[in-house]
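Here the structure comes first, spelled out in structure tokens, and everything after it is commentary.
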Protein chains: 2
Amino acid sequence: MELMTVLLEQAHPPVTELRLSKVLAALADPGRLATVRALAQKGESPCTRLQHDAGLQISRSTFSHHQKVLREAGILLVRVRGAERILSLRRDDLDSCFPGLLDLVLNTPEKQT
Amino acid sequence: MELMTVLLEQAHPPVTELRLSKVLAALADPGRLATVRALAQKGESPCTRLQHDAGLQISRSTFSHHQKVLREAGILLVRVRGAERILSLRRDDLDSCFPGLLDLVLNTPEKQT
DNA sequence: CCAGTATGTCGAAAATCATCGAACGTCGAA
DNA sequence: TTCGACGTTCGATGATTTTCGACATACTGG
């Protein structure tokens with residue numbers, strides 16, 4: 001149905017639209033940084049599970065906002081599986097646009113984040 | 001002594017205090033990103049000159065603010081030479097804490113910034 | 001179809017950030 | 001010692017971001 005399709009549509013920027021300042025801004029928030037790091041360990045994860053794994057004590061709507069920022073920066077991929085949204089990292093796209101950035105973020109000790 | 005006073009005026013975080021989220025937040029602003037890129041080309045430069053080289057059409061006080069953000073994140077080194085403040089990148093410190101980050105920023109085409 | 005789970009959206013409040021001009025301090029030169 | 005160049009700090013303002021609770025939408029199992 002049309003309504004369903006529209007609402008479920010996820011806006012992911014194509015690789016050609018990825019911008020360094022957007023990616024850096026998205027990663028600059030400690031909560032979002034923790035989200036990315038947790039997601040890298042899990043491989044993929046639904047929202048609520050990921051929020052828990054990242055240790056974020058925030059409301060669902062706030063997490064939804066952060067997820068949106070990460071998605072619009074080109075860091076996250078969101079796909080629908082039933083009632084869930086499965087989040088995963090756009091590793092290949094990030095590596096091709098900004099080689100080393102994701103590895104750096106993931107390899108940085110938590111102490112230095 | 002005069003020299004002592006001058007040296008203490010500048011608050012530079014030690015290497016052990018550098019934090020990824022602070023560095024990313026500092027670099028996330030397009031103007032500051034341009035400043036860092038211009039500074040990398042110049043090697044070192046006084047404030048006004050650097051602002052011009054970075055192509056920033058902002059007031060001196062605003063640039064001073066950005067310089068402060070970059071300095072407090074550990075990205076810039078500021079030393080006094082007469083009436084001027086000479087800015088330079090803390091390349092070695094950044095490379096040792098966040099290897100590849102500065103290179104990535106400098107190697108990213110302007111189009112993708 | 002209903003009840004429960006999962007998640008996004010909206011509107012508002014609070015916090016943070018970018019920006020400016022005015023006022024200030026310091027330095028080097030006239 | 002006065003002056004102009006360089007830069008910082010302060011206070012205000014508007015923009016952006018973070019955060020929440022309430023509501024809406026979508027799927028799933030009974």
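Throughout, protein chains are lettered first and strands after them, A, B, ... in sequence-line order, and every chain is numbered starting at 1. Because only heavy atoms are used, hydrogens play no part in the values below, and waters and symmetry mates are left out as well, while side chains stay in. What you see is a predicted model, and the numbers here were worked out from it, not measured in a lab.
- Hydrophobic clustering (ILVMFWY, side-chain heavy atoms < 4.5 Å, transitive): A:Leu76 and A:Ile86 are in distinct clusters.
- Between the NZ atom of A:Lys68 and the C1' atom of D:dT16 there is a distance of 14 Å, rounded to whole Å.
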Can you check nucleotides 3-7 of chain D for protein contacts, nitrogen or oxygen pairs under 3.5 Å, and list what you find?
residue, atom, partner, partner atom, Å
D:dG7, OP1, B:Cys47, N, 3.0
D:dG7, OP2, B:Thr48, N, 3.0
D:dG7, OP2, B:Thr48, OG1, 2.3
D:dG7, N7, B:Arg60, NH1, 2.7
D:dG7, O6, B:Arg60, NH1, 3.4

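- For the contact set between residues 27-40 of chain A and DNA chain D, defined by any heavy atom under 4.0 Å, the members are A:Asp29, A:Arg32.
- Projected onto DNA chain D by closest heavy-atom contact, A:Phe63 and A:Arg81 fall at different nucleotides, the more 5' of which corresponds to A:Phe63.
- The listed nucleotides are D:dT9, D:dT18, D:dG21; the one nearest the side chain of A:His65 is D:dT18.
- In this structure, the separation between CG on A:Asn107 and CD on A:Gln112 is 11.5 Å, given to the nearest 0.5 Å.
- With a 6.0 Å radius and a threshold of 12 heavy atoms from other residues, nucleotides or ligands, B:Arg49 has its CZ atom at or below the threshold.
- Between A:Glu44 and A:Arg79, at least one side-chain N (NZ, or NE/NH1/NH2) sits under 4.0 Å from a carboxylate O, which counts as a salt bridge.
- Taken from CZ in A:Phe98 to OG1 in B:Thr113, the straight-line distance is 9.0 Å, to the nearest 0.5 Å.
- Phosphate contact (OP1/OP2 of D:dC20, side-chain N/O of A:Thr62, threshold under 4.0 Å): present.
- Between A:Glu72 atom CD and D:dT16 atom P there is a gap of 15 Å when expressed in whole angstrom units.
- B:Leu39 and B:Val80 sit in two unconnected hydrophobic clusters of ILVMFWY residues. Membership requires side-chain heavy atoms under 4.5 Å apart, directly or through other members.
- Residues of residues 18-26 of chain B that place a heavy atom closer than 4.0 Å to DNA chain C do not occur.
- B:Leu106 and A:Leu104 fall within the same hydrophobic cluster, defined by Ile, Leu, Val, Met, Phe, Trp and Tyr side-chain heavy atoms under 4.5 Å apart, directly or through other members.
- Rounded to the nearest 0.5 angstrom, B:Arg71 CZ and B:Arg90 CZ are separated by 10.5 Å.
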Q.
Pair B:Leu33, B:Val105 - check side-chain contact (heavy atoms from CB on, under 4.5 Å), show working.
A. CA-CA 8 Å; B:Leu33 197 56; B:Val105 166; 3.5 Å; yes

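- For A:His66, taking side-chain heavy atoms from C-beta onward, the closest of the listed nucleotides D:dT9, D:dT18, C:dT9 is D:dT18.
- Put simply, the side chain of A:Arg32 gets close to the backbone of A:Ala26: a donor and an acceptor are under 3.5 Å apart.
- The number of heavy-atom neighbours closer than 6.0 Å to CZ of B:Arg37, taken from other residues, nucleotides and ligands shown, is above 12.
- Rounded to whole angstrom, the span from the CD1 atom of B:Ile58 across to the C1' atom of C:dC17 amounts to 13 Å.
- Not a single donor-acceptor pair, N or O on each side, falls under 3.5 Å between the base of C:dG21 and the side chain of B:Ser59.
- Put simply, CG on A:Leu70 is 16 Å from P on C:dT7, counting in whole angstrom units.
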